[in-house]
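In this text, all values refer to a predicted model and were calculated from it rather than measured experimentally. The first residue of the sequence shown is numbered 1, and numbering continues consecutively from there.
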Amino acid sequence: MIKKITFSIAIFVLLAGTFNSCLDYDELRENPNAPTMVPPSLLFTNVTPTTSSAFSDTYEYPQYHIRSNSDGNPISYRFGSRGFRYGTLRNVLKMEEEADRVGAPVYKIMAKFFKAYNFVDMCRSMGDVPLREALLAAENTRPKYDTQKTVYIQCLDWLEEANLELGEFISNNPVYVLEGDAYFNGDLTKWQKVINAYAIRVMLTLSKKANDTDLNIKGRLATMLDNPQTYPLMTSLNDNMQLAHQDEDGYRGYYNPNNATAKVDIILANTFVDMLKDYEDPRLKAVADPTPSAMEANSNEDEVRNDFNSYNGGDPSASTADNVLVRSSGGISNPNEDKYWNFVGQPTVLIGYFEQELNIAEAAHRGWVSANAQDHYNNGVKASMEFFGVEEDEADAYLASKAPYTTGDAGLTRIHEQMYIAFFENSGWESFFLNRRTGVPAYKFSGENLVDKLPLRWAYPQSENDNNYDNYRAALISQFGAEVDDRDQIIWELKD
């Protein structure tokens, strides 16, 4: 995982107490070595979200790659618990406090985005979570849970407020540079686009709730798309929220020459490879090498690389021993060595232009908004092609004959397939959540993966059972009808 620039920030809370009269101090002395105030820019850097680099463990779950180490195991989908993000959120609150102290209101605006991002992540991972009574420290150490619907409404409201307030701030401070920004070098116009692209992601996450009048997904999205001056969106890959790799501590991706075991271990998965072969998708040639056996069979390398039958992926549902056997015989493709086996690879994307465009294409395809679904579909696919280094003429030919936009259910599936392809080894868990929502692509499972279907959620952290028992148990009963906390329980956002 790319590590953002981090700082060790010691934040101490001074506890005022009532002392016995024999300890009659006029005032408490402050420890000069224990800072109680920090610039909000340092906190901003600390709370800014990051994502996983290509070929790290995160991308095994959506079956882009698998491991072929004979000492390892196939992908396990037997999910356990996930933690709450309250440590990060407490630092977001501290950033708001410091922003007030130094008169830097932009950090309070950005705090709304960070709060929405973290609460959405917890909510979609586990279900109902504490929000309104959370982060009150000693005032309330056992917060009640809020419903997913309540959390999503609050988060969408925060994102709306962040966009409007940031737009006004930019208008009044056109040359302002946001300090502590590792993504855009302080360019607030880029951040405003990210906030809106992320809001669209959240709305599409809630596709099963599009007719809920309280959420008002269709109305919110139509307002955004009909008012581009007020709700600016990404217009190219240059607006991607991403970090580049380089050969420096904290900036190396997982798959690099300093990590020799990665090259031995990582192979592409046939869930991904077969989809691209079916479409004769030029991105396959950009991200994969032909199998060694295909290279050995033909001395004309160009012919081999242009033949889609030269590529093959490992089986995510097979045993590691079986995949090792096929690989040892030269039958499985590795990541493209020229592209990936270096210190640059591909950028680590958190929120990208291609995702934004395909999300809008889906919304238009569903009839939520009046935007042209085909235009946004083409934008998203071409942006993905560009991201992976495919030439524009190849992308145009692909859209004309191999995977053109089409209507109906088949067209919706194609949009989802193109999103899956675009998410190859980037954007963290988004591909997994796409599959959970849409069933695209068809993941491969067997007893080797310890499950026979995709998990629907993570369990709550054990600390809730230990320290917030009554509210935790009430939340389980409210959502699932029983005090059962496991990966197969259907959360509200996934119910039709």
K.L.:
Within the 4.5 Å heavy-atom criterion, are Phe272 and Pro62 side-chain neighbours or not?
P.N.:
no
K.L.:
Would you find a donor on one side and an acceptor on the other, under 3.5 Å apart, between the side chain of Asn163 and the backbone of Thr230?
P.N.:
yes
K.L.:
Side-chain contact, heavy-atom cut-off 4.5 Å: Tyr353 with Asn238?
P.N.:
no
K.L.:
Can you confirm whether the side chains of Thr235 and Asp239 place a donor and an acceptor under 3.5 Å from each other?
P.N.:
yes
K.L.:
Is there a donor-acceptor pair under 3.5 Å between the side chain of Lys112 and the backbone N or O of Asp157?
P.N.:
no
K.L.:
Would you check, one step at a time, whether the test side-chain contact (heavy atoms from CB on, under 4.5 Å) holds for Gln489 with Gln479?
P.N.:
CA-CA 9 Å; Gln489 300 301 316; Gln479 293 176 92; over 6 Å; no
K.L.:
Take Leu166 and Val106 through the test side-chain contact (heavy atoms from CB on, under 4.5 Å) and record every step on the way to the result.
P.N.:
CA-CA 7 Å; Leu166 192 57; Val106 70; 4.0 Å; yes
K.L.:
Just by distance, no angles: are the side chains of Arg437 and Ser207 close enough, under 3.5 Å, to form a donor-acceptor pair?
P.N.:
yes
K.L.:
I need the minimum non-hydrogen distance between Tyr377 and Pro404, along with the two atoms involved.
P.N.:
CE2-C, 3.9 Å
K.L.:
Does any N or O in the side chain of Asp265 come within less than 3.5 Å of the main-chain N or O of Arg67, such that one atom is a donor and the other an acceptor?
P.N.:
no
K.L.:
Output yes when a side-chain donor or acceptor of Lys209 lies under 3.5 Å from a complementary backbone atom of Trp492, and no otherwise.
P.N.:
yes
K.L.:
Can you tell whether the side chains of Glu430 and Arg124 come within less than 4.0 Å, N to carboxylate O?
P.N.:
yes
K.L.:
Are more than 12 heavy atoms, taken from residues, nucleotides or ligands other than Gln246, located less than 6.0 Å from that residue's CD atom?
P.N.:
yes
K.L.:
Side chains of Leu237 and Phe354: does their closest heavy-atom pair fall under 4.5 Å?
P.N.:
yes
K.L.:
For Tyr279 and Glu417, test the side chains for any donor-to-acceptor distance below 3.5 angstrom and give the result as yes or no.
P.N.:
yes
K.L.:
Using side-chain contact (heavy atoms from CB on, under 4.5 Å), reason through Asp322 and Val326 one step at a time and then give a plain yes or no.
P.N.:
CA-CA 6 Å; Asp322 286 346; Val326 177; 5.7 Å; no
K.L.:
Please answer whether the main-chain N or O of Gly186 pairs with a side-chain N or O of Asp181 as donor and acceptor at a distance below 3.5 Å.
P.N.:
yes
K.L.:
Verify, without hydrogens or angle tests, whether Asp289 (side chain) and Ser333 (backbone) share a donor-acceptor contact under 3.5 angstrom.
P.N.:
no
K.L.:
Applying side chain to side chain donor-acceptor pair (under 3.5 Å), run through Arg414 and Thr406 and close with a yes or a no.
P.N.:
CA-CA 8 Å; Arg414 181 163 293 177; Thr406 187; 5.6 Å; no
K.L.:
Answer yes or no: is there a side-chain heavy-atom contact under 4.5 Å between Tyr231 and Asp226?
P.N.:
no
K.L.:
Please say whether more than 12 non-hydrogen atoms of neighbouring residues, nucleotides or ligands are located less than 6.0 Å from CG in Asp409.
P.N.:
no
K.L.:
Can we say Lys382 and Asp396 salt-bridge, meaning some charged N sits less than 4.0 Å from an Asp/Glu carboxylate O?
P.N.:
yes
K.L.:
Taking it one step at a time, do Lys402 and Glu394 satisfy salt bridge (charged side-chain N to carboxylate O under 4.0 Å, His left out)?
P.N.:
CA-CA 11 Å; Lys402 302 299 183 183; Glu394 283 192 278; over 6 Å; no
K.L.:
Locate the shortest heavy-atom distance separating Tyr254 from Asn259; write the atom from each residue and the value.
P.N.:
O-ND2, 3.1 Å
K.L.:
In terms of ring plane angle, is the pair Trp458 and Phe432 parallel, tilted or perpendicular, where the classes change at 30° and 60°?
P.N.:
tilted
K.L.:
Would you please test Glu357 and Ile360 for side-chain contact (heavy atoms from CB on, under 4.5 Å) and show each step?
P.N.:
CA-CA 5 Å; Glu357 290 302 289; Ile360 297 173; 3.9 Å; yes
K.L.:
Give a yes or no on whether the ring-centroid distance for Tyr64 and Tyr420 is below 6.0 angstrom.
P.N.:
yes
K.L.:
Is it true that a side-chain atom of Asn426 and a backbone atom of Val349 form a donor plus acceptor pair closer than 3.5 Å?
P.N.:
no
K.L.:
Just by distance, do the side chain of Lys444 and the backbone of Asp315 share a donor-acceptor pair under 3.5 Å?
P.N.:
no
K.L.:
Go through the side-chain N and O atoms of Arg327 and Asn334 and say whether any donor and acceptor fall under 3.5 Å apart.
P.N.:
yes
K.L.:
Please round to the nearest 0.5 Å and tell me the distance separating atom CG of Asn118 and atom OG1 of Thr88.
P.N.:
5.5 Å
K.L.:
Please report the interatomic distance CZ(Phe445) to OG(Ser317), rounded to the nearest 0.5 Å.
P.N.:
9.5 Å
K.L.:
At their closest point, which heavy atom of Gln148 faces which heavy atom of Asp128, and how far apart are they?
P.N.:
N-OD1, 2.8 Å
K.L.:
Between His416 and Leu434, what is the shortest heavy-atom contact and its length?
P.N.:
O-CD2, 3.6 Å
K.L.:
Pair Glu493, Tyr152 - check side chain to side chain donor-acceptor pair (under 3.5 Å), show working.
P.N.:
CA-CA 10 Å; Glu493 70 180 68; Tyr152 274 117; 2.6 Å; yes
K.L.:
One pair to check against side chain to side chain donor-acceptor pair (under 3.5 Å): Asn336 and Lys285. What are the steps and the verdict?
P.N.:
CA-CA 8 Å; Asn336 186 293; Lys285 297 181 289 183; over 6 Å; no
K.L.:
Show the numbers, then the answer: is there a salt bridge (charged side-chain N to carboxylate O under 4.0 Å, His left out) between Glu160 and Arg220?
P.N.:
CA-CA 9 Å; Glu160 167 82 2; Arg220 288 178 188 266; 5.5 Å; no
K.L.:
Just verifying a value: how many Å separate Ile217 CD1 and Ile200 CD1, rounded to the nearest 0.5 Å?
P.N.:
11.5 Å
K.L.:
Can you see which heavy atom on Leu268 is nearest to which on Ala288, and at what distance?
P.N.:
CD1-CB, 3.2 Å
K.L.:
Just verifying a value: how many Å separate Tyr460 OH and Met126 CE, rounded to the nearest 0.5 Å?
P.N.:
7.0 Å
K.L.:
Nearest 0.5 Å, what's the CD1-SG distance between Ile491 and Cys123?
P.N.:
7.0 Å
K.L.:
Are Met419 and Glu355 packed together at the side-chain level, in the sense that at least one heavy-atom pair is separated by less than 4.5 angstrom?
P.N.:
yes
K.L.:
Aromatic contact between Phe44 and Phe114, with the criterion being ring centroids under 6.0 Å apart: yes or no?
P.N.:
yes
K.L.:
Indicate the atoms forming the closest heavy-atom contact of Phe480 with Arg457, along with that distance.
P.N.:
CZ-NE, 3.7 Å
K.L.:
Taking atom CZ of Phe433 and atom OG of Ser125, what is their separation to the nearest 0.5 Å?
P.N.:
4.0 Å
K.L.:
Taking Tyr398 for the side chain and Glu280 for the main chain, is one N or O donor matched with an acceptor at less than 3.5 Å?
P.N.:
no
K.L.:
Does some side-chain heavy atom of Asp281 sit less than 4.5 Å from a side-chain heavy atom of Val390?
P.N.:
no
K.L.:
Report yes if some heavy atom in the side chain of Leu456 is under 4.5 Å from a heavy atom in the side chain of Asp488; otherwise report no.
P.N.:
no
K.L.:
Counting only N and O atoms by type, is there a donor-acceptor contact under 3.5 Å from the side chain of His245 to the main-chain atoms of Tyr251?
P.N.:
yes
K.L.:
Are the aromatic ring centres of Phe79 and Tyr61 under 6.0 angstrom apart?
P.N.:
yes
